[in-house]
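Each remark here refers to the structure printed beneath this line.
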Amino acid sequence: MSDPCLAFKNLTLGYAGRAAVHHLNGDIAKGSLTAVVGANGSGKSTLMKGIAGILKPLGGECRISPDLSVAYLPQQSELDRSFPAQVRDLVALGLWPKRGLLGRHRPEDRAAMDRVMEAVGLSGFERRNIDSLSGGQMQRALFARAMLQDAQLILLDEPFNAVDERTVSDLMVLIKSWVAEGRTVLAVLHDFQLVRQHFPETLFLARKLVGLGPTAEVLKAENIRQARHFHEAWEENAPWCEPAEAPSLQIVGASPQAASAHSHPHSHANSNVHG
């Protein structure tokens, strides 16, 4: 794989010392569009939080290329929509990396906010309270916030959950435009048909890695059966296990270099995380 921007080296992530993602190895190429799939509880959201720097590894490493900014969109269920805020306040959080939480907005900032609100189809919604938005409108606002961050690595956790078909189509246009600009996008998804239609690369998790590579190869029936077996057979109360001396990994459809380590450190200071 040429020019990876994200590398997992024996990465183990979890909570209270119990692993939810075990010994993950592999690379994500710069400028790629990758779906992260797996059953509920397979570690997808945990992985996204690990990449964003919200979770520290229990073992191994998650390495992001130096000076690579990160935008993270959590699941809507993790957001407190009862907070008395307007849409413009939510979107303006995307300016935090440049201005800080208390920084004054400049004329160019307001112009940028107008552009992103128009791009997501929310012009005129600036003064609406966020608790009045539909699921699709809320997701559009979160995408506008991500656009303001101007990040090079964008993490989307279930961006199409409880979203209507038109919104899915509109947001996919935005996602593909980000990739066309050379940005890297990882999105947690459940709809395999949508993944096959729009996402060239897939990372398939069942707490362990089932496959990483071209979507057509990763989403083969055998891998889906394997993932179901891993998920159903896993012991929920198992303690964190030490990595093997030479952890093995078969990356489906990827190059022989896909599991190699890279020398760039993962710097949380370079990750602009909101939500």
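Heads up: numbering here begins at 1 and tracks the sequence.
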Quiz item: Is a donor on one side and an acceptor on the other found under 3.5 Å between the side chain of T215 and the backbone of P200?
Solution: yes

Practice problem: Determine whether V21 and K49 make a side-chain contact, defined as any pair of heavy atoms from C-beta on separated by less than 4.5 Å. | Solution: no

Practice problem: Output yes when a side-chain donor or acceptor of D191 lies under 3.5 Å from a complementary backbone atom of L194, and no otherwise. | Solution: yes

Quiz prompt | Worked verdict on K208 versus H23 for side chain to side chain donor-acceptor pair (under 3.5 Å) | solution = CA-CA 7 Å; K208 289 183 178 181; H23 311 314; over 6 Å; no

Quiz item: Does S65 reach the main-chain N or O of L68 with its side chain, forming a donor-acceptor pair under 3.5 Å?
Solution: no

Quiz item: When rounded to the nearest 0.5 angstrom, what distance separates SG in C62 from CD1 in I28?
Solution: 9.5 Å

Self-check item: Close side-chain approach of L93 to L148, heavy-atom, < 4.5 Å
Solution: no

Practice problem: Say whether, by atom type as modelled, one donor and one acceptor occur between the side chain of R183 and the main chain of A151 under 3.5 angstrom. | Solution: yes

Quiz item: So, T184 side chain and G31 main chain: donor-acceptor pair closer than 3.5 Å or not?
Solution: yes

Quiz item: Hey, what do you get for CD1 (I54) to OG1 (T46), rounding to the nearest 0.5 Å?
Solution: 11.0 Å

Quiz prompt | Whether W178 and F143 hold their rings parallel, tilted or perpendicular, with breakpoints at 30° and 60° | solution = parallel

Quiz prompt | Residue pair G182 / Q152: nearest heavy atoms and the distance that separates them | solution = O-OE1, 4.4 Å

Quiz prompt | Close side-chain approach of H190 and V37, heavy atoms under 4.5 Å | solution = no

Quiz item: Measuring from Q75:CD to M48:CE, what's the distance to the nearest 0.5 Å?
Solution: 10.0 Å

Exercise. Can you see which heavy atom on L205 is nearest to which on L203, and at what distance?
Key: CG-CD2, 3.5 Å

Quiz prompt | Derivation of the side chain to side chain contact (heavy atoms under 4.5 Å, CB included) call for M117 and V91 | solution = CA-CA 8 Å; M117 291 289 285; V91 174; 3.7 Å; yes

Quiz item: So which heavy atom on Q137 is nearest to which on F125, and how close?
Solution: NE2-CE2, 3.5 Å

Quiz item: Are any of the side-chain heavy atoms of H198 and I175 separated by less than 4.5 Å?
Solution: no

Quiz item: Is there a donor-acceptor pair closer than 3.5 Å between any side-chain N or O of R127 and the backbone N or O of R88?
Solution: no

Quiz item: Would L156 and V188 satisfy side chain to side chain contact (heavy atoms under 4.5 Å, CB included), going step by step from the backbone distance to the final call?
Solution: CA-CA 6 Å; L156 309 173; V188 171; over 6 Å; no

Quiz item: side chain to side chain contact (heavy atoms under 4.5 Å, CB included) between L133 and R128: does it pass, once the steps are laid out?
Solution: CA-CA 8 Å; L133 299 180; R128 286 271 299 272; 4.2 Å; yes

Practice problem: Specify the closest pair of heavy atoms between V210 and A227, including all atoms of both residues, with the distance to one decimal. | Solution: CG2-CB, 3.9 Å

Practice problem: Go through the steps for R145 and L142 under the test side chain to side chain contact (heavy atoms under 4.5 Å, CB included), then give the verdict. | Solution: CA-CA 5 Å; R145 182 182 69 176; L142 292 173; 3.7 Å; yes

Self-check item: Enclosure of Q193 CD (heavy-atom neighbours >12, cutoff 6.0 Å)
Solution: no

Quiz item: Testing N25, D27, L47 for side-chain contact (heavy atoms from CB on, under 4.5 Å) with F8, which one passes?
Solution: L47

Practice problem: Report the residue from V168, V185, L171, L189 that forms a side-chain contact (heavy atoms from CB on, under 4.5 Å) with P159. | Solution: L189

Quiz prompt | No-hydrogen, no-angle side-chain donor-acceptor test under 3.5 Å, T167 and D164 | solution = yes

Quiz item: Within the distance-only criterion (no hydrogens, no angle test), does the side chain of S177 pair as donor or acceptor with the backbone N or O of L174 below 3.5 angstrom?
Solution: yes

Quiz item: If we only count heavy atoms from C-beta on, is the I154 to Y72 side-chain gap below 4.5 Å?
Solution: no

Exercise. Working to the nearest 0.5 Å, report the span between CG of L95 and CD of E108.
Key: 10.0 Å

Quiz item: With no hydrogens and no angle check, is any side-chain donor or acceptor of Q139 less than 3.5 Å from a backbone partner on G136?
Solution: no

Self-check item: Criterion side chain to side chain donor-acceptor pair (under 3.5 Å) on T12 and H22, from CA distance to verdict
Solution: CA-CA 5 Å; T12 297; H22 283 253; 5.4 Å; no

Quiz item: Which pair of non-hydrogen atoms, one from V218 and one from T202, has the smallest distance, and what is that distance?
Solution: CG2-O, 3.7 Å

Quiz item: Are the side chains of Q86 and I130 in touch, meaning some heavy atoms are under 4.5 Å apart?
Solution: no

Quiz item: Out of curiosity, K176 NZ to M172 CE, how far, rounded to the nearest 0.5 Å?
Solution: 5.0 Å

Practice problem: Output, in order, the C-alpha distance, side-chain angles, deciding distance and verdict of side chain to side chain donor-acceptor pair (under 3.5 Å) for S69 and Q149. | Solution: CA-CA 9 Å; S69 56; Q149 287 182 256; over 6 Å; no

Quiz prompt | Heavy-atom side-chain proximity of I51 to L6 below 4.5 angstrom | solution = yes

Self-check item: Least distance between heavy atoms, G26 atom then L212 atom
Solution: CA-CD2, 3.9 Å

Practice problem: Taking N223 for its side chain and K220 for its backbone only, find out whether a donor-acceptor pair lies under 3.5 Å. | Solution: no

Self-check item: Within-4.5 Å side-chain heavy-atom neighbours: L33 and E201
Solution: no

Quiz item: What distance do R207 atom CZ and L24 atom CG have between them, rounded to the nearest 0.5 Å?
Solution: 14.5 Å

Practice problem: Give a yes or no on whether the backbone of A39 and the side-chain of K44 come within a donor-acceptor separation of less than 3.5 Å. | Solution: yes

